[in-house]
Amino acid sequence: MSFALALLCVCSLSFISCKGNEEEKPAAPTIVIAEANIEEESELCVEANVKAPGKTAAVSVSVRSADGSALKFTEKVTGVAYIGVLEVPEFHKHFDIADKGLTEGDILEFTVTDAFGQTTTAKKSITKEEEDEHEHHNHE
Amino acid sequence: MKQKLPILMLLCALCACSSSEDSTGDNPKDMTDPVISGEGITANPIDCQVYRRGELIPFNYVFTDNVELGAFNIEIHDNFDHHTHGTTSVDCELEPDKSPVAPWRYNRDFEIPQGSKSYTARIDIPIPADVDAGDYHFMVRLTDHSGRQTLHAVAIKLQ
């Protein structure tokens, strides 16, 4: 009788305890793209703020044609500043896009997957930096 | 033995499911960002310093964290368009804005010994002789073991 009672207690505790852990799944990553600019014809400047309460596990940047039909560019972002972190306060990277055929109006896709397998993709239309656009701007 | 079995099962179940850590194995209660400072040393580089191409930047900062440090990244990029960063607190005299021709781009990760709560980073970074002179940003991103990150941006100039 005592054995059966103990077994029941173990099962109950396991259920309650494990259920609690499942409820701790953090929110999915959030991405705010501040800038997606073609600079000097051969570079794509991307600035964003990333938050991932479940820690970043993978980050990638891709560019598709405006109608979404063609994938023109894709690159995984690695490094201790971007992977395994809760937040990237000022994501700022320049990507080499020489000979990729990127044009104004193409769509940047910024994708973050956290350690729980939750994926978020933010999109922004790419613009081109004009010569007279060399003015003060804040990366935040 | 029959009497001990339920106790053993109970202990196993508690061990399996009562962990307060998340699945990434880190401390979810760490709410404090790591700190980048010049405490007890002569910090370098600092805002508005001028360096010569072909020479070295003797990087020297102290990193601390309440639980455990993780790793850090140093990234250097041109500021020919006079942009700013959130942590920039000093206004340095800037050269006229210009388009980059051969800008210096530096990006490297560095490990910190496991278990460190404090670490003094001292690295000599060679400046290529053939890069554009002008205004640059020297960025330090310090991450702690729980994934919190601190960014420190310094404005320097290359001659």
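Worth knowing before you read on, the calculation uses all heavy atoms, side chains too, and leaves out hydrogens, waters and symmetry mates. A note on names: the letters A, B, ... follow the listed sequences, proteins ahead of strands, and every chain is numbered from 1.
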_Side chain Glu90(A), main chain Leu151(B), donor-acceptor under 3.5 Å_ = no
*For the residue pair His92(A) and His77(B), establish whether any side-chain heavy-atom pair is separated by less than 4.5 Å.*
yes
*Find out if a path of hydrophobic residues (ILVMFWY) with successive side-chain heavy-atom gaps under 4.5 Å connects Ile46(B) to Leu142(B).*
yes
*Report the distance from atom CD of Glu87(A) to atom OG1 of Thr150(B), rounding to the nearest 0.5 Å.*
10.0 Å
*asked:* Atom CG of residue position Asp99(A) - does it have more than 12 heavy atoms of other residues, nucleotides or ligands inside 6.0 Å?
replied: no
_At a 4.5 Å cut-off on heavy atoms, which part of Lys51(A) comes close to chain B: side chain, backbone, both, or neither?_
neither
*If you take all heavy atoms of Arg148(B) and Leu86(A), which pair is closest and at what distance?*
CG-CD1, 3.6 Å
Donor-acceptor pairs are to be reported for all side-chain atoms of residues 106-115 of chain A against protein atoms at under 3.5 Å, with residues two or more places apart or in another chain.
{"from": "Asp106(A)", "atom 1": "OD1", "to": "Lys72(A)", "atom 2": "NZ", "distance (Å)": "3.3"}
{"from": "Asp106(A)", "atom 1": "OD2", "to": "Lys72(A)", "atom 2": "NZ", "distance (Å)": "2.9"}
{"from": "Asp106(A)", "atom 1": "OD2", "to": "Thr103(A)", "atom 2": "N", "distance (Å)": "2.8"}
{"from": "Glu109(A)", "atom 1": "OE1", "to": "Arg64(A)", "atom 2": "NE", "distance (Å)": "3.4"}
{"from": "Glu109(A)", "atom 1": "OE2", "to": "Arg64(A)", "atom 2": "NE", "distance (Å)": "3.4"}
{"from": "Thr111(A)", "atom 1": "OG1", "to": "Thr121(A)", "atom 2": "OG1", "distance (Å)": "2.9"}
{"from": "Thr113(A)", "atom 1": "OG1", "to": "Thr119(A)", "atom 2": "OG1", "distance (Å)": "2.8"}
{"from": "Asp114(A)", "atom 1": "OD1", "to": "Phe116(A)", "atom 2": "N", "distance (Å)": "2.9"}
{"from": "Asp114(A)", "atom 1": "OD1", "to": "Gly117(A)", "atom 2": "N", "distance (Å)": "3.1"}
{"from": "Asp114(A)", "atom 1": "OD1", "to": "Gln118(A)", "atom 2": "N", "distance (Å)": "2.9"}
{"from": "Asp114(A)", "atom 1": "OD2", "to": "Gln118(A)", "atom 2": "NE2", "distance (Å)": "2.7"}

*Flag if over 12 foreign heavy atoms under 6.0 Å of CD, Glu95(B)*: yes
*Val80(A) and Ala71(B): which non-hydrogen atoms are nearest, and at how many Å?*
CG1-CB, 3.7 Å
*asked:* Listing request: all salt bridge (charged side-chain N to carboxylate O under 4.0 Å, His left out) pairs with a residue in residues 66-78 of chain B, at least two apart in sequence or in separate chains.
replied: Glu75(B)-Arg141(B), Asp78(B)-Arg105(B)
*So with a 6.0 Å cut-off around NZ of Lys100(A), is the heavy-atom count from everything else above 12?*
no
*asked:* For Asn73(B) versus Ala81(A), what's the shortest heavy-atom pair and its separation?
replied: CB-CB, 4.0 Å
_Working to the nearest 0.5 angstrom, can you tell me the gap between Ser99(B) OG and Glu39(A) CD?_
9.5 Å
_When you group the ILVMFWY residues by side-chain heavy-atom contacts below 4.5 Å and let the links chain together, are Ile125(B) and Phe63(B) in the same group?_
yes
_Residue Asp144(B) versus chain A: region with a heavy atom under 4.5 Å_ = neither
